[in-house]
Novice: 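Right, I'll just put the structure down here and ask away after.
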Amino acid sequence: MDEATTRLLTWVDAPDVPPRHDEVEDQLLADGWTSCGEGDWARAYRSPTGPIAARISPFDPACVFTVSLYRKGAGNRYLPRLDAHRRLDGGGHLIVMELLDAMPVDEARSWHQRLHDPAAHRVDPDLAAVAALIDDVHRRAETGLPWCGPLDDNPSNVMRGRAGQATFVDLFYVQGLVLYDKALTAPVEVAAVIPADLRRHMFEIPALQREAGPDEVGRMRAAMAAADRD
Ligand SMILES: Nc1ncnc2c1ncn2[C@@H]1O[C@H](COP(=O)(O)OP(=O)(O)O)[C@@H](O)[C@H]1O
Ligand SMILES: [Mg+2]
């Protein structure tokens, strides 16, 4: 771990209750971390003092499965090094991990294919091992994660590690289109499936901030608030 990460974790762990995702992001920026990526659920920041990234999500029920994969597969060259995981206020998550680079889209697609290619497994035991582990954690996610999607073969989820190797990240996800549609059309179902204190910031994920208008988000918030009152 580098100096900036030590300062970050000391700050995150100091209060009795965990900070909110936006407070962590403010703290990171104030300490010199710089933005290095944004997906649908999370934003990533690069440490000012070492090859380390912080990934912060306001709401990401899949994160615990991702963390479980990185921990079980620690040392496998196709998985990133995980330095720390902290739960944040209301269902947010912070992951501190090795800094990765983007990979060209075609190369990333070919790695997604290779991941489940028996011929590739025969010549590459690490790839076979990571594929088995990914499938195992995914099977658990399919029963434990509400509206769990198939493995996320988005090319941005194969990145390049410091030594140049392909690295699989962020493979498990909640189907956001289903979840956010249900927030409007079946909020009682969402309220029953995800505890309120684990979805306090569900309307603050980057995808909604980018793609949904304030009216639409306002309607979803109102529907969920009414479901929580009943
Ligand atoms: N370890 C990392 N190093 C550098 N950038 C990262 C790292 N992890 C994530 N990112 C960047 O942040 C983006 C979002 O992270 P990701 O874990 O894929 O979350 P999402 O669920 O939002 O897709 C990625 O597409 C990538 O650009
Ligand atoms: Mg992603």
Side-chain angles (χ1 to χ4, degrees), residues 1-2 4-5 8-9 21-22 24-25 28-29 32-71 73-74 76-86 88 91-105 107-109 111-112 115 134 137-138 141 145-180 199 201-212:
M1 248 184 262
D2 66 349
T5 303
L8 171 69
L9 294 177
H21 62 95
D22 52 331
V24 179
E25 293 186 74
L28 286 169
L29 291 170
W33 295 64
T34 48
S35 171
C36 70
E38 177 176 298
D40 285 347
W41 301 86
R43 293 195 188 89
Y45 296 85
R46 178 192 179 127
S47 165
T49 59
I52 292 196
R55 176 193 185 275
I56 295 160
S57 173
F59 167 69
D60 182 8
C63 189
V64 290
F65 294 94
T66 301
V67 165
S68 164
L69 172 68
Y70 297 166
R71 288 206 172 123
N76 183 296
R77 67 196 171 106
Y78 293 109
L79 291 176
R81 191 194 69 247
L82 175 72
D83 292 327
H85 168 234
R86 296 289 189 276
L88 302 177
H93 290 269
L94 163 68
I95 290 181
V96 182
M97 63 196 290
E98 86 178 85
L99 181 71
L100 303 166
D101 285 324
M103 181 179 268
V105 169
E107 201 180 338
R109 287 216 174 92
W111 276 106
H112 275 302
L115 182 61
I134 288 168
V137 176
H138 188 234
L145 178 65
W147 302 295
C148 179
L151 283 183
D152 191 349
D153 63 0
N154 187 322
S156 71
N157 292 337
V158 187
M159 301 188 76
R160 210 184 282 292
R162 305 319 289 166
Q165 78 283 13
T167 304
F168 292 95
V169 296
D170 191 39
L171 294 167
F172 315 120
Y173 69 105
V174 173
Q175 296 177 75
L177 289 177
V178 176
L179 170 65
Y180 288 98
R199 56 176 159 77
H201 307 293
M202 70 178 281
F203 299 114
E204 294 159 47
I205 64 167
L208 280 191
Q209 290 189 340
R210 276 194 314 264
E211 289 155 32

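When a ligand or atom number is given, it counts from 1 through the structure's own listing order. Basis for what follows: all heavy atoms, side chains included, without hydrogens, waters or symmetry-related copies.
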Novice: Quick one, Y70 and H85 - any side-chain contact, counting heavy atoms below 4.5 Å?
Specialist: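 When only atoms from C-beta onward are counted, H85 and Y70 do not touch, as no gap falls below 4.5 Å.
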Novice: Give me the protein N, O or S atoms that fall under 2.8 Å of the Mg ion (ligand 2), sorted by chain and residue number.
Specialist: N157 OD1, D170 OD2
Novice: Report, in ascending order of atom number, the atoms of ligand 1 lying under 4.0 Å from any heavy atom of M97.
Specialist: 1 (N)
Novice: Quick check: W41 and ligand 1, any N/O pair under 3.5 Å apart?
Specialist: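 Among all N and O atoms of W41, at least one is under 3.5 Å from an N or O of ligand 1.
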Novice: Do NZ/NE/NH1/NH2 and the carboxylate oxygens of D101 and R162 come within less than 4.0 Å?
Specialist: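 Yes, this pair counts.
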Novice: Under 4.0 Å from atom 24 (C) of ligand 1, do we find at least one protein heavy atom?
Specialist: no
Novice: Nearest heavy-atom pair of M97 and V169: which atoms, and what distance?
Specialist: CE-CG1, 4.1 Å
Novice: Would you say A42 has any N or O atom under 3.5 Å from an N or O of ligand 1, going by distance alone?
Specialist: yes
Novice: Is the number of heavy atoms from other residues, nucleotides or ligands within 6.0 Å of CG (L29) greater than 12?
Specialist: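 It does: L29 CG has more than 12 such atoms within range.
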Novice: Please identify each residue that fulfils side-chain hydrogen bond (donor to acceptor under 3.5 Å, both in side chains) with E98, with sequence neighbours left out.
Specialist: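 Listed in chain order: nothing, the list is empty.
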Novice: Can you name the atoms of ligand 1, numbered from 1 with element, that are less than 4.0 Å from a heavy atom of A44?
Specialist: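 By the 4.0 Å cutoff, the relevant atoms are 6 (C), 9 (C), 10 (N), 11 (C), 12 (O).
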Novice: For ligand 1, is there an atom lying under 4.0 Å from some heavy atom of P80?
Specialist: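 No heavy atom of P80 comes that close to ligand 1.
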Novice: With heavy atoms only and a cut-off of under 4.0 Å, state how D170 meets ligand 1: side chain, backbone, both or neither.
Specialist: side chain
Novice: Taking only distance into account, with no hydrogens and no angle test, what donor-acceptor pairs under 3.5 Å do side-chain atoms of residues 34-42 form with protein atoms, sequence neighbours excluded?
Specialist:
from, atom 1, to, atom 2, distance (Å)
E38, OE1, R43, NE, 3.0
E38, OE2, R210, NH1, 2.6
D40, OD1, R210, NH2, 2.9

Novice: Can you check whether A53 has an N/O within less than 3.5 Å of an N/O in ligand 1?
Specialist: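 No: no nitrogen or oxygen of A53 is under 3.5 Å from one in ligand 1.
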Novice: Locate the shortest heavy-atom distance separating S156 from M159; write the atom from each residue and the value.
Specialist: O-CG, 3.5 Å
Novice: Against ligand 1, does E98 come closer than 4.0 Å with any heavy atom?
Specialist: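 E98: in contact with ligand 1 (<4.0 Å).
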Novice: Among all the protein's non-hydrogen atoms, which is closest to atom 27 (O) of ligand 1, and how far away is it?
Specialist: G37 CA, 3.6 Å
Novice: Nearest to atom 15 (O) of ligand 1, what protein heavy atom do you find, and at what distance?
Specialist: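 The closest one turns out to be R55 NE, 4.0 Å.
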Novice: Give the residue and atom name of whichever protein heavy atom lies nearest to atom 3 (N) of ligand 1, and the separation in Å to one decimal.
Specialist: L100 N, 2.9 Å
Novice: With a cut-off of 6.0 Å (strictly less than), are more than 12 heavy atoms of other residues, nucleotides or ligands near CZ of R46?
Specialist: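 12 or below, so no.
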Novice: So among V67, D83, D170, which one has a side chain to side chain contact (heavy atoms under 4.5 Å, CB included) with I95?
Specialist: V67
Novice: Salt bridge (charged side-chain N to carboxylate O under 4.0 Å, His left out) with D2: which residues, sequence neighbours excluded?
Specialist: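 Residues passing salt bridge (charged side-chain N to carboxylate O under 4.0 Å, His left out) with D2: none at all.
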Novice: Just which atoms of ligand 1 are under 4.0 Å from any heavy atom in N157?
Specialist: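 Result: 18 (O).
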Novice: Students should be able to answer this: which protein heavy-atom is nearest to atom 14 (C) of ligand 1, and at what distance?
Specialist: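 Sorting protein heavy atoms by distance from atom 14 (C) of ligand 1 puts G39 N, 3.5 Å first.
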Novice: Closer than 4.0 angstrom: is that true for some heavy atom of M159 and an atom of ligand 1?
Specialist: yes
Novice: Identify the heavy atoms of P155 and A108 that sit nearest to each other, and give their distance.
Specialist: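 Closest heavy-atom pair between P155 and A108: O-CB, 3.3 Å.
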Novice: For the side chain of H21 and the backbone of H93, is there at least one donor-acceptor N/O pair under 3.5 Å apart?
Specialist: no
Novice: Search all heavy atoms of N154 against all heavy atoms of H112 and return the closest pair with its distance.
Specialist: O-NE2, 3.0 Å
Novice: Can you find a non-hydrogen atom of V169 under 4.0 Å from ligand 1?
Specialist: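 Flag not set, V169 not near ligand 1.
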Novice: Are E204 and L208 close enough that some pair of their side-chain heavy atoms sits under 4.5 Å apart?
Specialist: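 They are not in side-chain contact.
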Novice: Below 4.0 Å, non-hydrogen atoms only: which portion of D101 touches ligand 1? Side chain, backbone, both or neither.
Specialist: neither
